[in-house]
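Computation of the quantities below employed the complete heavy-atom set of this structure, encompassing side-chain atoms and omitting hydrogens, waters and symmetry-equivalent molecules.
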Amino acid sequence: MSDIKCDKNTVGGLMKKIKEDPNAIENYRELTNIYIANNEFDSALSIYNKMLEVFPDDVQALINSGSIYFYKKDFQKVIELYLKAAVIDSNNPSIYFNLGNVYAEIGNFSNALKYYTKSVEIDKNQAQVYSALGILFQDNDDLEKAKENYRKAIELDPDCGEYYVYLANIFQREGNFQEASEYYKKAIELEPDDSKAALCLANAYASMKMEKEAFKYFERTVEIEPENYSAWLCWAITLSDAGMIDKAMELYKKAIEIDPVKPNAYILLANILTNEKRYEEAIDLYKKAVRLVPAEEKRGRGILYVFIANAYMLLEDIHNAIDYYRKALKEVPENNEVRLIYVEIMNSYITRKVQKQ
């Protein structure tokens with residue numbers, strides 16, 4: 001919270017001044033600054049609207065009110081305000097950068113590219129715009145252009161760790177874990193408390209089967225951010241892959257403790273329990289996971305029902321296995337593999353029933 005206090009007397013005094021002299025622009029600015037500093041965005045927007053009635057060509061008011069509408073996700077209004085600002089101040093690169101951000105947010109690649117490009121044509125020294133271009137190209141799977149723009153951002157601002165992380169993410173995505181690790185390390189050198197970079201580096205080392213280094217950075221991540229669910233989960237996966245099952249189970253339980261409404265840790269822990277032949281415990285966890293998966297995510301629920309059915313089969317509980325294979329088919333009726341298993345088990349079950357008669 002800013003040091004600017006939203007004191008009722010101060011606010012009331014400024015409101016009175018605006019009413020008495022609506023042409024004194026400094027009163028509007030002071031009042032909106034107070035509201036914004038205290039996260040009272042609707043109040044700030046109300047004053048900006050009054051301000052723009054009196055000063056319709058005030059570029060900063062147009063930009064600032066546009067930013068509030070962006071926060072409120074009223075993107076059509078944002079575009080309207082920014083375009084008006086651009087007509088008034090056509091050489092202001094930040095206006096075009098903001099327009100690019102709006103179009104990127106709504107998934108309009110061509111207009112986002114158009115306005116980011118216009119921004120850097122006016123001022124070629126904007127690292128943040130090149131970074132935004134990198135994200136735009138990356139989101140549209142043009143990884144080479146993404147790299148090019150991230151490198152330009154780094155060239156202009158070599159002390160921003162975030163840009164190295166963005167570039168490293170592409171190498172990670174391409175499977176070039178060695179190159180990725182070098183950029184993640186640079187990000188951490190610049191920002192030692194960056195838990196995101198530390199976790200990404202840990203995962204890069206894990207992908208290279210460099211468990212000792214991976215464990216070091218997983219530990220560093222949770223020291224920085226103890227409640228980082230993803231860090232505990234990824235660390236547990238790496239431990240499991242390295243055959244350190246007991247420790248992996250501990251960390252899955254830690255992840256569940258941190259965020260008991262996410263299904264991933266339940267599922268992965270249940271998978272270990274299944275491998276350890278602790279089927280009833282695994283079934284219990286799978287069922288908990290099912291309750292956490294939204295009803296519309298049919299494929300995910302279907303897979304979990306198959307896991308439960310498989311565990312019941314290993315327990316030789318055919319009745320429950322059939323029930324859960326049937327549930328799986330209701331969720332993913334197009335899955336022929338599940339259908340074949342279900343039919344085979346049903347035939348076997350019926351045959352045994354007949355033989356017993």
In this structure, are over 12 heavy atoms from other groups packed under 6.0 Å from [X] atom [atom1]?
{"X": "Gln76", "atom1": "CD", "result": "no"}
{"X": "Glu316", "atom1": "CD", "result": "no"}
{"X": "Phe109", "atom1": "CZ", "result": "yes"}

Can [X] and [Y] be counted as an ion pair, charged N to O under 4.0 angstrom?
{"X": "Glu174", "Y": "Lys147", "answer": "yes"}
{"X": "Asp21", "Y": "Lys17", "answer": "no"}
{"X": "Asp141", "Y": "Arg173", "answer": "yes"}
{"X": "Asp259", "Y": "Lys262", "answer": "yes"}
{"X": "Lys253", "Y": "Glu250", "answer": "no"}
{"X": "Glu80", "Y": "Lys77", "answer": "yes"}

If a pair satisfies salt bridge (Lys or Arg N to Asp or Glu O under 4.0 Å) and one of its residues is in [range], list it, with sequence neighbours excluded.
{"range": "residues 41-60", "value": "Arg29-Asp58, Asp42-Lys72"}
{"range": "residues 210-229", "value": "none"}
{"range": "residues 301-315", "value": "Arg301-Glu331"}

At their closest point, which heavy atom of [X] faces which heavy atom of [Y], and how far apart are they?
{"X": "Cys200", "Y": "Asn169", "value": "SG-OD1, 4.0 Å"}
{"X": "Ser119", "Y": "Val129", "value": "OG-CG2, 3.8 Å"}
{"X": "Met249", "Y": "Leu269", "value": "CG-CD1, 3.7 Å"}
{"X": "Gly134", "Y": "Ala146", "value": "O-CB, 3.4 Å"}
{"X": "Ser65", "Y": "Leu52", "value": "OG-CD1, 3.9 Å"}
{"X": "Gly302", "Y": "Ala328", "value": "O-CB, 3.6 Å"}

Please determine, by modelled atom types, if Asp317 and Asn320 share a side-chain donor-acceptor pair under 3.5 angstrom.
yes

Within the 3.5 Å criterion, strictly below it, is a donor on Tyr217 or Asn203 matched to an acceptor on the partner's side chain?
no

Grouping I, L, V, M, F, W and Y whenever their side-chain heavy atoms are under 4.5 Å apart, do [X] and [Y] come out in a common cluster?
{"X": "Leu239", "Y": "Leu201", "result": "no"}
{"X": "Phe177", "Y": "Leu167", "result": "no"}
{"X": "Tyr116", "Y": "Ile154", "result": "no"}
{"X": "Leu314", "Y": "Ile322", "result": "no"}
{"X": "Val54", "Y": "Leu81", "result": "yes"}

[X]/[Y] aromatic ring centres below 6.0 Å:
{"X": "Tyr324", "Y": "Tyr312", "answer": "yes"}
{"X": "Tyr183", "Y": "Phe171", "answer": "yes"}
{"X": "Tyr103", "Y": "Tyr115", "answer": "yes"}

Nearest 0.5 Å, what's the [atom1]-[atom2] distance between [X] and [Y]?
{"X": "Ser207", "Y": "Asn176", "atom1": "OG", "atom2": "CG", "result": "11.5 Å"}
{"X": "Lys185", "Y": "Leu190", "atom1": "NZ", "atom2": "CG", "result": "14.0 Å"}
{"X": "Leu199", "Y": "Tyr184", "atom1": "CG", "atom2": "OH", "result": "9.0 Å"}
{"X": "Ile122", "Y": "Thr117", "atom1": "CD1", "atom2": "OG1", "result": "11.0 Å"}
{"X": "Gln128", "Y": "Leu156", "atom1": "CD", "atom2": "CG", "result": "9.5 Å"}
{"X": "Lys145", "Y": "Gln138", "atom1": "NZ", "atom2": "CD", "result": "15.0 Å"}

Spell out, as yes or no, whether a donor-acceptor pair under 3.5 Å connects the side chain of [X] to the backbone of [Y].
{"X": "Tyr150", "Y": "Ile135", "answer": "yes"}
{"X": "Thr238", "Y": "Cys234", "answer": "yes"}
{"X": "Tyr48", "Y": "Tyr28", "answer": "no"}
{"X": "Glu30", "Y": "Asn27", "answer": "no"}
{"X": "Tyr252", "Y": "Ile272", "answer": "no"}
{"X": "Asn228", "Y": "Ser230", "answer": "yes"}
{"X": "Ser131", "Y": "Ala127", "answer": "no"}

List the steps and the verdict of side chain to side chain contact (heavy atoms under 4.5 Å, CB included) for Met244 and Phe215.
CA-CA 12 Å; Met244 303 170 70; Phe215 297 154; 4.0 Å; yes

Could you walk me through whether Ile283 and Leu315 pass the side chain to side chain contact (heavy atoms under 4.5 Å, CB included) test, one step at a time?
CA-CA 10 Å; Ile283 288 167; Leu315 276 172; 3.7 Å; yes

Before giving the answer on side chain to side chain contact (heavy atoms under 4.5 Å, CB included), spell out for Ile267 and Ile303 the whole-Å C-alpha distance, their side-chain angles and the decisive distance to 0.1 Å.
CA-CA 11 Å; Ile267 297 166; Ile303 290 170; over 6 Å; no

Between Trp235 and Phe218, how do the two ring planes meet: parallel, tilted or perpendicular, split at 30° and 60°?
parallel

Give the ring-plane orientation class for Phe70 versus Phe75, where under 30° counts as parallel, over 60° as perpendicular and anything between as tilted.
perpendicular

Please report the C-alpha distance between Leu83 and Leu99 in whole Å, then the side-chain angles of each, then the deciding distance to 0.1 Å, and finally whether the side chain to side chain contact (heavy atoms under 4.5 Å, CB included) criterion is met.
CA-CA 8 Å; Leu83 285 175; Leu99 273 165; 3.9 Å; yes

Trp232: which of Thr221, Leu251, Ile237 passes side-chain contact (heavy atoms from CB on, under 4.5 Å)
Leu251

Geometric cation-pi criterion, Lys118 with Tyr96: 6.0 Å, 45°:
yes

Which pairs, with at least one residue in residues 155-167 and sequence neighbours excluded, count as a side-chain hydrogen bond (donor to acceptor under 3.5 Å, both in side chains)?
Glu162-Tyr166

If you define the side chain from C-beta out and look only at heavy atoms, does anything of [X] sit under 4.5 Å from [Y]?
{"X": "Tyr82", "Y": "Ser67", "result": "yes"}
{"X": "Met15", "Y": "Lys19", "result": "no"}
{"X": "Leu45", "Y": "Tyr35", "result": "no"}

Partner set under side chain to side chain contact (heavy atoms under 4.5 Å, CB included) for Val59, not counting sequence neighbours:
Ile63, Ala85, Ile88, Asp89, Asn92, Ile95

Of all residues at least two apart in sequence or in a different chain, which pass the side chain to side chain contact (heavy atoms under 4.5 Å, CB included) check with Ala282?
Ala270, Leu273, Thr274, Tyr286

